[in-house]
Asks: 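This structure is in structure tokens; I'll ask about it shortly.
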Amino acid sequence: QVQLVESGGGLVQAGGSLRLSCAASGGTLSPYATGWFRQAPGKEREFVARISAGGLNTIYADSVKGRFTCSRDNAKNTVYLQMNSLQSEDTAVYYCASARLGLAGSRPHDYAYWGQGTQVTVSS
């Protein structure tokens with residue numbers, strides 16, 4: 001069974017950048033789409049971004065479009081989320097998730113495996 005581990009979260013000032021990583025073990029990420037979601041305190045989990053298995057197709061939530069970039073290195077079995085121009089509204093726990101297919105949408109039930117999450121805190 002695939003296990004996902006996120007890293008790269010932390011505390012950053014507004015306007016700053018972070019790069020999150022999602023590393024897989026016990027299986028390979030390369031045949032499947034990988035998504036990023038986030039959950040802020042008191043709010044539901046929301047979709048952030050998704051990258052297709054081959055890495056050529058990405059989709060983003062409107063709230064992060066133009067600021068966040070999702071990429072993958074299948075040789076390293078790792079997916080990344082580069083986050084620029086961070087705002088206080090981006091504060092949340094960020095999760096990566098692996099889908100069952102090479103393409104997936106923005107709904108949590110499209111994804112079979114989830115990491116434990118990494119905290120991102122943006123101070124204003």
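Hydrogens, waters and symmetry mates play no part in the numbers below; they use all other heavy atoms, side chains included.
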Asks: Of all the heavy-atom pairs spanning Gly105 and Tyr111, show the shortest one and how long it is.
Replies: O-OH, 2.6 Å
Asks: Of all the heavy-atom pairs spanning Ser124 and Ala14, show the shortest one and how long it is.
Replies: CA-CB, 4.2 Å
Asks: Excluding sequence neighbours, so at least two apart, what forms side chain to side chain contact (heavy atoms under 4.5 Å, CB included) with Pro108?
Replies: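 In terms of side chain to side chain contact (heavy atoms under 4.5 Å, CB included), with neighbours along the sequence ignored, Pro108 is linked to Phe37, Trp114.
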Asks: Output all residues satisfying side chain to side chain contact (heavy atoms under 4.5 Å, CB included) with Gln82, sequence neighbours left out; order by chain, then residue number.
Replies: Ser17, Arg19, Thr69, Asn84
Asks: For Gln87, does the CD atom sit with more than 12 other heavy atoms under 6.0 Å from it, leaving out its own atoms?
Replies: yes
Asks: Measuring from Ser25:OG to Gln3:CD, what's the distance to the nearest 0.5 Å?
Replies: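 Atom-to-atom, Ser25:OG and Gln3:CD are 4.5 Å apart.
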Asks: Applying side chain to side chain contact (heavy atoms under 4.5 Å, CB included) between Arg72 and each of Thr34, Thr78, Thr58, report the one that passes.
Replies: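 By the side chain to side chain contact (heavy atoms under 4.5 Å, CB included) criterion, Arg72 pairs with just one of Thr34, Thr78, Thr58: Thr34.
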Asks: When Ile, Leu, Val, Met, Phe, Trp and Tyr are grouped by side-chain heavy atoms lying under 4.5 Å apart, directly or through other members, which residues fall in the same group as Leu103?
Replies: none
Asks: Going by side-chain heavy atoms closer than 4.5 Å, which hydrophobic residues are tied to Tyr94, directly or by a chain of links?
Replies: Val2, Leu4, Val12, Leu18, Leu20, Leu29, Trp36, Val48, Ile51, Tyr60, Val64, Phe68, Val79, Leu81, Met83, Leu86, Tyr113, Val120, Val122
Asks: Any side-chain to backbone donor/acceptor pair from Gln13 onto Ser123? Under 3.5 Å, distance only.
Replies: no
Asks: Just by modelled atom types, is the Asn57 backbone N or O under 3.5 Å from a matching donor or acceptor in the Ser52 side chain?
Replies: yes
Asks: Can you confirm whether more than 12 heavy atoms, excluding those of Lys65, are under 6.0 Å from its NZ atom?
Replies: yes
Asks: Is Arg100 reaching over with its side chain to a backbone N or O of Tyr32, donor-acceptor style, under 3.5 angstrom?
Replies: no
Asks: Hey, are the side chains of Gln119 and Thr91 touching, using non-hydrogen atoms and a 4.5 Å cut-off?
Replies: yes
Asks: Is Arg38 positioned over the aromatic face of Tyr95, cation under 6.0 angstrom from the ring centre and no more than 45 degrees off axis?
Replies: no
Asks: Please list, chain by chain and in numerical order, all residues satisfying disulfide (SG to SG under 2.5 Å) with Cys70, sequence neighbours excluded.
Replies: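 Disulfide (SG to SG under 2.5 Å) check on Cys70 returns nothing, list empty.
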Asks: For Thr28, what residues pass the side chain to side chain contact (heavy atoms under 4.5 Å, CB included) criterion, not counting sequence neighbours?
Replies: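 For Thr28, the residues satisfying side chain to side chain contact (heavy atoms under 4.5 Å, CB included) (neighbours in sequence not counted) are Ser30, Pro31, Asn77.
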Asks: Flag the pair Arg67 and Asp90 as a salt bridge only when some basic side-chain nitrogen lies within less than 4.0 angstrom of an acidic carboxylate oxygen.
Replies: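 Counted as a salt bridge, because a side-chain N and a carboxylate O are separated by less than 4.0 Å.
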Asks: Minimum heavy-atom separation for Tyr80 and Lys76, please, with both atom names.
Replies: OH-CD, 4.0 Å
